[in-house]
Amino acid sequence: MTGATVTSKALATVKWWQVIGLAIVLVVFPAYSLVSLAYLAPVLVIYALRPDVGESAAMPALFFVLAVALHPLHALWLEGGDWATGRAMLTDVRSLCAVYLAGASAWVIVDLATMALRLVHLRARKAQAARLMEEARMLRAEWQIPEPEAAPAEPT
Amino acid sequence: MSGSTADNTRLTIGGHYLIDLRTSQPMLSGCPAYRAADTLAPGAALLGLAPVMPPPDFQDFAALRHPALMPIIVQDIQGGALWAICNGPPGPAALAEGFSPWRENHVIEGVVRPFAGLLQLLERTGLTARAIRPDNVFCVPGSHQLILGPLGLTPPALHQPVLFEPLSSAVCQPIGRGAGTIACDMFSLGVLILSLVLGRQPLAGLSDDEILQRRFETGSFLAYTDGHPLPSALSTLIAALLSDDPDLRPSPNDLVNVSQRTVFSTPPDIHARLPLSVGPAKVRTVRALAWHAAREPTAFSALMQRRVIARWLQRELEMGGLVHAIEHVVSDMTLSSAAGLTKSSDSATPMLSRIINVLDPAAPLFLGGRWFWPEALPTMLAYAQLSHALAGRTDPNTEEHQLTSILSYLVTNGDSFQRGTPPAIARQIMALVHLARRSVARGRDRVLRLPFDENPFLPCLSPRCAKARIAQPQALLVWLDGSKLPTSEQVGQSGLLDAAMRIFFDSNIQRRAIPVLSHAQRAALPTWLADLSLLAGMQTRFGTGPLPAIAARLLPDALSRLTVWRSLSTQKTRRGQVQQAAARGDLERMIGLIEDPDALARDAAGATGAIDAIARINDALESLETQAPSAEARFRETGNFLALTSGIVAALVGCWLEFIR
């Protein structure tokens with residue numbers, strides 16, 4: 001399943017009133033909605049590119065983006081949703097980069113945490129397997145039970 | 001056990017009698033003798049006697065007291081061997097070379113009456129002396145008195161010369177004579193009196209076989225007097241005592257008050273005018289016929305079949321009843337062997353044996369080519385083993401083998417001897433059968449054990465310890481521990497004990513009801529282990545103290561036995577414990593450690609448990625592998641959760657920074 005098909009599938013679920021609602025919002029609050037869309041782009045990208053992760057990876061990204069984007073959005077709010085301010089914000093590469101980095105960091109954190117967990121767990125499992133095999137070896141030695149022909153393979 | 005050994009050459013018996021083993025004295029009563037002294041009353045010339053094969057009723061003999069008998073002063077068991085103390089002979093042997101004939105009144109006062117009194121006492125006690133012979137009758141110095149050497153130190157009549165034995169036991173080999181009856185002692189007394197009166201022993205210089213020939217030819221009395229009438233008033237007494245028919249001899253009661261004027265009448269034997277030729281021999285009496293039948297069985301059976309014997313008995317001896325009795329025996333035996341009633345495959349010998357006993361009811365049993373009294377059989381068997389052992393021979397003991405076969409035949413076919421056999425023989429065989437039935441052993445062992453079952457004074461007959469005369473199992477244990485034991489390899493193959501020792505121990509175990517594994521239980525074990533269990537049971541029962549040499553010899557096998565334990569650590573612990581027990585010489589502990597069924601069952605259960613545990617571990621290892629994919633999903637969820645949480649925290653921090661600060 002590729003990102004495009006998922007996107008198209010997601011697009012297929014979009015209802016007509018949602019499109020109309022979005023259009024109304026765009027028309028009424030152009031600055032708010034365009035800035036928000038620009039800021040939420042990484043979430044949408046994650047949502048589209050990581051179908052295996054699904055929305056659960058998009059949610060952390062959403063919060064990270066929110067944490068960084070709160071300041072510019074607050075500033076826009078204080079400006080009264082002024083279009084000029086909005087346009088300036090849309091062209092402010094630094095703040096956009098900061099927001100996108102925040103979104104990407106969510107992705108990184110998810111993968112790093114997963115990887116770290118996997119590593120920790122693998123080591124624990126190896127230790128447990130070694131302990132079990134040592135126990136079996138002791139039992140065999142104590143009770144003089146011969147080793148079976150094919151010893152169980154060590155789990156990797 | 002009392003007393004103690006100061007060293008190897010001196011023994012203390014009964015607390016205060018000291019035997020010096022370096023001073024060997026002439027045998028007394030057929031028993032090795034050493035000089036002894038009473039430490040409380042020094043000066044008396046005492047003898048320490050070492051009886052090799054005392055009879056079963058030794059205690060009764062030792063308790064006998066009579067003026068005409070040298071008493072056994074003290075008897076004691078030292079190192080498992082029986083010792084007896086008695087006075088030295090008071091004077092020379094009565095029939096020593098060159099003694100002058102005794103006067104009749106001296107014979108009556110100094111010999112007949114006291115000896116009759118002694119025999120009366122023996123008869124009341126149920127014993128027989130069977131020891132009235134030249135070298136066992138001593139003169140009391142200064143008086144015309146004779147005294148008999150101590151009794152009960154050898155198998156009965158073993159050392160009796162053929163001359164002094166009645167025909168009914170003279171035909172037997174010396175060990176096969178048995179205790180006999182008091183009538184046998186009366187015969188010996190008769191020969192003693194005759195010798196004293198004559199001033200010499202009759203038939204001097206003849207071989208035993210020649211003496212027997214002459215006695216069977218003419219009867220003992222005539223043979224001893226050379227057919228000349230005795231110039232003595234004691235003639236009728238001697239003739240009666242020397243009668244070949246035990247029933248015709250006077251009893252001790254008849255002699256205690258005898259005087260020179262007492263006259264005894266003895267009906268003469270019936271002699272045939274025309275002798276019967278049995279082989280080379282000329283036979284004139286039924287008794288001689290019975291004896292020659294055993295010597296010439298082929299000639300005798302040929303004569304039987306041609307009915308020559310029946311005709312001779314009828315015409316010459318007018319014994320028609322005897323002929324009928326013989327024919328009855330023959331038809332009876334033929335019928336029963338045809339009906340398969342006798343268990344023996346060879347019925348010829350028993351038939352001859354029966355006919356001989358019909359011809360001469362006083363004769364002993366003739367079986368397997370030898371004459372013997374059945375009561376003597378266990379002693380004969382023991383004697384055969386003992387002489388074999390003492391001679392240090394290693395070849396198969398054929399004598400023992402033959403006697404074992406005879407004994408086992410009599411014990412299994414005892415019932416068939418109850419009809420048509422003289423009562424004395426039938427009674428003796430039944431006594432053997434009863435003795436054998438009480439035995440828990442079976443087969444050849446049962447027969448080999450009979451001598452020990454019968455006689456608690458019989459020493460162990462193993463070639464290894466026969467010289468030590470050990471008659472007590474506890475003493476044999478101690479002796480074994482100090483003896484040269486077989487090597488560990490030999491122990492592993494054939495055990496620590498030899499067959500004779502096992503038989504000795506088994507008999508003692510049964511007599512004393514010692515709790516050890518039964519013979520059958522031990523048969524299932526390896527020999528060395530059976531020996532260990534036997535010795536351990538003995539050690540515990542008798543409290544013999546540590547037996548480190550035996551333990552050390554059994555240790556390698558005991559340790560190898562531990563390999564049946566599955567658990568290595570148990571093996572190791574027990575190995576150490578067994579080694580410790582062996583060092584302490586504690587056989588019971590050793591066998592308790594290597595033969596522990598409960599612990600072994602627990603060990604086996606532990607091994608099963610370990611196999612199960614290993615199976616569980618393998619399962620766990622496998623499940624570790626299979627849980628990997630499901631874990632992957634969990635990691636991702638956890639990763640997401642972590643990211644979500646940190647996102648929420650970041651958002652909250654952002655809010656706080658933006659709005660509250």
Side-chain angles (χ1 to χ4, degrees), chain A residues 52-71 73-75 102-103 105-122 124-126 128-129 131-145 148 151-156, chain B residues 563-573 603-661:
Chain A
D52 54 328
V53 179
E55 58 201 47
S56 56
M59 282 297 279
L62 183 65
F63 278 106
F64 275 99
V65 166
L66 193 66
V68 178
L70 204 59
H71 177 68
L73 286 179
H74 190 215
S105 70
W107 186 350
V108 168
I109 285 174
V110 167
D111 273 5
L112 276 181
T114 307
M115 209 180 294
L117 278 172
R118 192 185 293 133
L119 267 175
V120 167
H121 184 76
L122 189 61
R125 218 158 42 133
K126 269 193 172 167
Q128 198 190 351
R131 208 177 55 246
L132 287 173
M133 287 180 72
E134 175 63 15
E135 201 179 321
R137 195 189 61 73
M138 296 278 281
L139 281 171
R140 279 183 214 283
E142 165 69 14
W143 296 97
Q144 308 180 68
I145 301 163
E154 199 169 313
T156 49
Chain B
T563 49
V564 298
W565 250 266
R566 291 291 297 271
S567 162
L568 266 186
S569 59
T570 312
Q571 261 190 41
K572 204 171 159 223
T573 330
D603 180 75
T608 321
I611 290 171
D612 291 349
I614 289 174
R616 276 197 305 277
I617 289 173
N618 285 338
D619 288 351
L621 283 171
E622 267 175 45
S623 70
L624 269 185
E625 279 182 84
T626 50
Q627 73 181 216
S630 67
E632 190 61 27
R634 215 174 63 238
F635 302 151
R636 176 139 318 268
E637 274 168 28
T638 317
N640 283 344
F641 174 75
L642 277 175
L644 186 63
T645 318
S646 48
I648 290 169
V649 169
L652 286 176
V653 169
C655 282
W656 181 75
L657 284 173
E658 189 63 35
F659 300 113
I660 297 167
R661 211 169 54 130

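Letters A, B, ... mirror the listed sequences (proteins, then strands); counts begin at 1.
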If I measure from the heavy atoms of chain A, does [X] come under 4.5 Å with its side chain, its backbone, both, or neither?
X: F659(B); answer: side chain
X: T645(B); answer: neither
X: L657(B); answer: neither

Sequence neighbours excluded, the answer for side chain to side chain donor-acceptor pair (under 3.5 Å) partners of Q571(B) is none

Residues in side chain to side chain donor-acceptor pair (under 3.5 Å) with R131(A), at least two apart?
-> none

Chain B contacts, top residue of V108(A), V120(A), L139(A) (heavy-atom pairs, under 4.5 Å) =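 The residue among V108(A), V120(A), L139(A) with the greatest pair count is L139(A).
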
Shortest non-hydrogen contact between I614(B) and I145(A), atoms and distance |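 Smallest interatomic distance, heavy atoms only, reads CD1-CD1, 3.7 Å.
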
Taking every non-hydrogen atom, the tightest pair across S567(B) and W143(A) |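 In terms of heavy atoms, the two residues are closest at CB-CZ3, 3.5 Å.
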
Below 4.5 Å from any heavy atom of chain B, which atoms of A141(A) appear? Answer side chain, backbone, both or neither.
->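 For A141(A), the backbone is the part near chain B, not the side chain.
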
Name the option with the most non-hydrogen atom pairs under 4.5 Å to chain A; the candidates are G654(B), G639(B), C655(B).
-> G639(B)

Relative to chain A, which of K572(B), R566(B), E637(B) shows the most heavy atom pairs under 4.5 Å?
->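 Heavy-atom pairs under 4.5 Å are most numerous for R566(B).
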
Among L117(A), V110(A), T114(A), side chain to side chain contact (heavy atoms under 4.5 Å, CB included) partner for T638(B) |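 Among L117(A), V110(A), T114(A), the one that satisfies the side chain to side chain contact (heavy atoms under 4.5 Å, CB included) with T638(B) is L117(A).
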
Can you tell me if NE2 on H74(A) sees more than 12 non-hydrogen neighbours from other groups inside 6.0 Å?
-> yes

